[in-house]
Amino acid sequence: MQGRRWAAVVVGLLCGVAPGAEPAPAQPVTVIRAGTLIDGVSATAKTNQTIVIRGNRIESIGTGAPPAGAKVIDLSGATVLPGMIDSHTHVFLQHEDAGQGGYDVQLLKFPLAYRAARAVVSVRRALEQGFTTLRDVETEGAGYGDVGIKRAIEEGHIPGPRMFVSTRAISSTGGYDLEGYAPEIVVPKGAQLVDGPVEARKAAREQLENGADWLKVYMTHRAWIDGAGKLQSQPTFTVEELKAIVDEAHGWGKKVACHAYTNPGMKRALDGGCDSIEHGLELDEAAVAQMVKQGTWLCPTLAVYYDFWPPENTPEGKVYRKRVEVHEPSFRRAVKAGVKIAFGTDVGGFSWNEPMAKEFPYMVRFGMTPMQAIQSATSRPAEMLGMKGQLGVIAPGALADVVAVSGDPLKDVKALEQVVFVMKDGRVFKERTQSR
Ligand SMILES: [Zn+2]
């Protein structure tokens, strides 16, 4: 501590600047002309708006002339919206293709530096697609690598979104991969496996100490179809174990995301006080009512369950089909009841070369309006992340994360795949010039 303070003083003397002696340099002013503006909060879009950005903040929005000397970015032929937020990503995963070794090979054969190098590409891909913020929900065996990627982005070494990271994730013995190896062979696990409230709290403390912004907990694991044809999933932690994690996280001012498919794990996740349910495949009326009452978020990740179905006549193939069969009505029930919903893709589970925006059409097909779907990827998750008014909105005082698409996403939400402009923190990352 002492050493660090001295270092700061020496730097100040070498620069010949006494602290606070000079006014801050004038911040550059950029103006965006928006043909159509979806601000992330309002129920309708506005046309022909001028967004004034000073430094890394949005200063004003209106129809007046731009300030003299400002750099003007002409997006008058595009739809401008806040930088999008994906609340369920895995930057350390590269597609679980069975033909390429699936999930296991990534933990068994990929050196950490190789995984980190590919994570650098993942975050760049997200930013290119207009996702200026990610909640990355665990590294899948890559330890605290997400904390390093986040730092490299924040320090400007690599391009990427703002990151909220959850490090290793937590589950119980028998509650996460890798599995199916001879018992006498020790294989790495994709999450930190602990048992009992004491160990659970200790894992939470370790992960929080090492930089977790969120904790990710697996409340269900294996899934199968029972004799009555119903989707079942194995519960992991008891309510008591989860409560220890949630209590610890909340004490640090942090939150807990719980992967949960069906009861009883789902019920335990809600009774344990988790802040967000991930996937939520089977949400009955009681679960939805409890989520509304407790203010629990739902991050549904719909599209990913339509990928890579094994053959219909296999046990796995049956589970995959049953998952989507129950997921759709659960999502519709949640939308109707007013559960708070955050857009999430589970990208990494599928290839980073596929569009993350492929989630939007499913949300709309299953009951959201395009505007609701857009807000679930902008102002709503900003609220979940404790960044209301700062992220996911184009409004005075917000951080200048701004994107644009060439079409009208309110007519066809697939237009969100066509991102032509990306600004993060007031700096342009991507600008495709328009042909007129
Ligand atoms: Zn996931």
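Reckoned from all heavy atoms, side chains included, excluding hydrogens, waters and symmetry mates. The shown structure was predicted, so the numbers you read here are calculated from the model rather than taken from an experiment. All ligand and atom numbering here is 1-based and tracks the order in the structure.
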Charged N to carboxylate O under 4.0 angstrom, R125 versus E128? yes
Does the distance from a Lys or Arg side-chain N to an Asp or Glu carboxylate O, for K358 and E417, drop under 4.0 Å? no
Q.
Quick check on the Zn ion (ligand 1): does H259 put an N/O/S atom closer than 2.8 Å to it?
A. no
Looking at H90, the N/O/S atom that lies nearest to the Zn ion (ligand 1) is called NE2
Q. Using 30° and 60° as the class limits, which term best fits the ring planes of Y176 and H221: parallel, tilted or perpendicular?
A. tilted
Open item on the list: Strictly below 4.0 Å, N to O, side chains only: are E154 and R151 in salt-bridge contact?
Closed with: no
Answer key: the N, O or S atom of D346 nearest to the Zn ion (ligand 1) is OD1
